[in-house]
Protein chains: 2
Amino acid sequence: MEKGIALRIQEKYGQLRKSERLVADYLRDHASVRLEMSITEFANTLNISEATISRFTRALGYKGFADMKLALASESTPSQQFVNLPAEIKDTDTLTDISFKLLGSLGSAMNETQKHIDYEDIQSVVTSVLASRQIVFMGVGGAVSVCEEAVHLFLKAGIQATSHRDGYTQQVVAATATEQSTVFGISHTGTTEDVASALNVARRNGARTVAVTSNLDSAVAKAADTAIWTWTPNTPQIPLYGDFLEGRVCQIYIIYLIYLGVLFQSNGKVPEALGVTADTLKSYYQKR
Amino acid sequence: MEKGIALRIQEKYGQLRKSERLVADYLRDHASVRLEMSITEFANTLNISEATISRFTRALGYKGFADMKLALASESTPSQQFVNLPAEIKDTDTLTDISFKLLGSLGSAMNETQKHIDYEDIQSVVTSVLASRQIVFMGVGGAVSVCEEAVHLFLKAGIQATSHRDGYTQQVVAATATEQSTVFGISHTGTTEDVASALNVARRNGARTVAVTSNLDSAVAKAADTAIWTWTPNTPQIPLYGDFLEGRVCQIYIIYLIYLGVLFQSNGKVPEALGVTADTLKSYYQKR
DNA sequence: CCGAATTGGAGAAAAATTTCATAATATGCA
DNA sequence: TGCATATTATGAAATTTTTCTCCAATTCGG
């Protein structure tokens, strides 16, 4: 499959010239809208020359402007679904309306999260996980289910993972953490004192600590060696509809990414474990 | 949504001139291939003049040849780019690649799920939940975290919900279910015997039973009054990378949709409960 | 053979690309 | 640091390619 423009930009951004980055930025911000402009109009819009745009398209590996426009057009549909987001859900909405808006919200939240990923951070977390003897996930309230999901994934892959949902146990586990541990604290708002405190303790004990939060300025983020950011709407930090539904899927997205990273960097150890697990489960279910 | 070219051709075919029909026929026969040719090349290919092609595009309602090419490009791959995923993640991929593919995969899985929603089913489930005294979620393995998430949401909203992750407890709970209960069974493959069996028992006891699964032909689906479908890739039902990552987010999506439906149809009761919960949590965190 | 409809050719217009001169920036050296 | 020089980035203009428009030639039905 042909590479999408977002990926191309991400890969090449460092090598782009200043004026070319203008093009890249514009395209990233308007990824969902079909580009109807001619190269001349486009150049005027961005106040740069047509030559720059032409060079840019080549730099990204397209055959030219027309080629890029075409490629863009064929991408546009999939991403369009995510665009219409600050879609507030109203109580007059039908279930159909809600399903569309919810899809848009969740999709674009993940999208934004992806856009802001710091891959060095992710990589270092993956490395930590691979080097650790035990992996611990900590979260309270809504984050619990994400921790559970993470544990389930890693366990299946043969990596010792546990999840702890109450402040007391979190303290206990943190207190016994070592350099051999990687401890994740998951908190959307980042204000969960229990988790922040546990991370601090674990860190003092030499464990590698990782936060997954939408607020990098929060207690939980500051308590961690590495803080991974998840998207949050600009609108209030109040659980408007009972919870940060989008926040949850962003956390899951990050966890999956780390999981897949671990999977692929384990030199076959993990896929092997997966195979063993799958076989075992199969015979377990067949016996009954 | 913009009209597709196939439809336009169908509508206008009678009014097209002979040479224009050549264009139409060609386009119909090559619908899936992205048209890369310039109008000149295209004219040579068909042995007709450029003017004819230009007129043709207008006849179909496009602004011109370029416009048609663009429109064609966005039709060609409705969302294929993203559909076929984790199966397609290769171990040579960088974290950046993986993050894009994962996003695409999760996004289009939700998208497909949304497309296939039967709103009458969802509505009837929402009604059941509102009418029930207790809500039960059952799942094993990877579905556990989804059940936990569901319980957390509903509890916050003042709705009595519980989650059960082992076959034994599931049987016990199913055995004591009544007409006042709504019982959810969550299973991606739908083959989880424990859950299917529990649903059957609960149903026999008069409870309303709901399945969330990607296989409507499965034991779990058949054991339920209402089966809600989640998307699954066409590729094998084997946990290639340890689990059905996309399946999980689809399940969550469905749960969220039901939750929001309940929220908005509760005549203010639920939002009120949410407010109380939020206040309580706030003072809980402030006290410490 | 006439006249309306259809078609293509030729050139105009628009769009995209390439070239090249200039501006901006970095580098080396005293 | 200041200055000269090399390197790189950029846009204006020229060139090429693509598309559109107009109109004359052709076809076809009567």
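In the text below, chain A, chain B and the rest are named by the order of the sequence lines, each starting its count at 1. Below, all heavy atoms of this structure are taken into account, side chains as well, without hydrogens, waters or symmetry copies.
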Peer 1: If the condition is salt bridge (Lys or Arg N to Asp or Glu O under 4.0 Å), which residues does B/E50 pass it with, not counting sequence neighbours?
Peer 2: none
Peer 1: Going 5' to 3' along DNA chain C, which nucleotides are the first and last within contact of chain A (any atom under 4.0 Å from a heavy atom)?
Peer 2: C/dA15 to C/dT25
Peer 1: Could you pull out all residues at least two apart from A/N200 that satisfy side chain to side chain donor-acceptor pair (under 3.5 Å)?
Peer 2: none
Peer 1: Looking just at side-chain N and O atoms, do A/T178 and A/R133 make a donor-acceptor pair shorter than 3.5 Å?
Peer 2: no
Peer 1: Does B/Y253 have any ring pair (Phe, Tyr, Trp, His ring centres under 6.0 Å) partners at least two apart in sequence or in another chain, and if so, which?
Peer 2: none
Peer 1: Name all residues meeting the side chain to side chain donor-acceptor pair (under 3.5 Å) criterion together with A/S132; count only those two or more places apart in sequence or in a different chain, and write none if there are none.
Peer 2: A/T182
Peer 1: Can you tabulate the close N/O pairs, meaning under 3.5 Å, that link protein atoms to atoms of nucleotides 27-30 of chain D?
Peer 2:
none

Peer 1: By ring pair (Phe, Tyr, Trp, His ring centres under 6.0 Å), which residues pair with B/F65, not counting sequence neighbours?
Peer 2: none
Peer 1: When every nucleotide of nucleotides 11-26 of chain D is labelled 5' to 3' by its protein contacts under 4.0 Å (heavy atoms), B for base, S for sugar-phosphate only, - for none, what sequence of letters results?
Peer 2: BB-----SBBB-----
Peer 1: Check salt bridge (Lys or Arg N to Asp or Glu O under 4.0 Å) between A/K12 and all other residues, then give those that pass, not counting sequence neighbours.
Peer 2: none
Peer 1: Residues in side chain to side chain donor-acceptor pair (under 3.5 Å) with A/S49, at least two apart?
Peer 2: A/T52
Peer 1: Can you name the residues that form a side chain to side chain donor-acceptor pair (under 3.5 Å) with B/S99, not counting sequence neighbours?
Peer 2: A/Q114, A/Y119
Peer 1: Not counting sequence neighbours, which residues clear salt bridge (Lys or Arg N to Asp or Glu O under 4.0 Å) with B/D118? List them please.
Peer 2: none
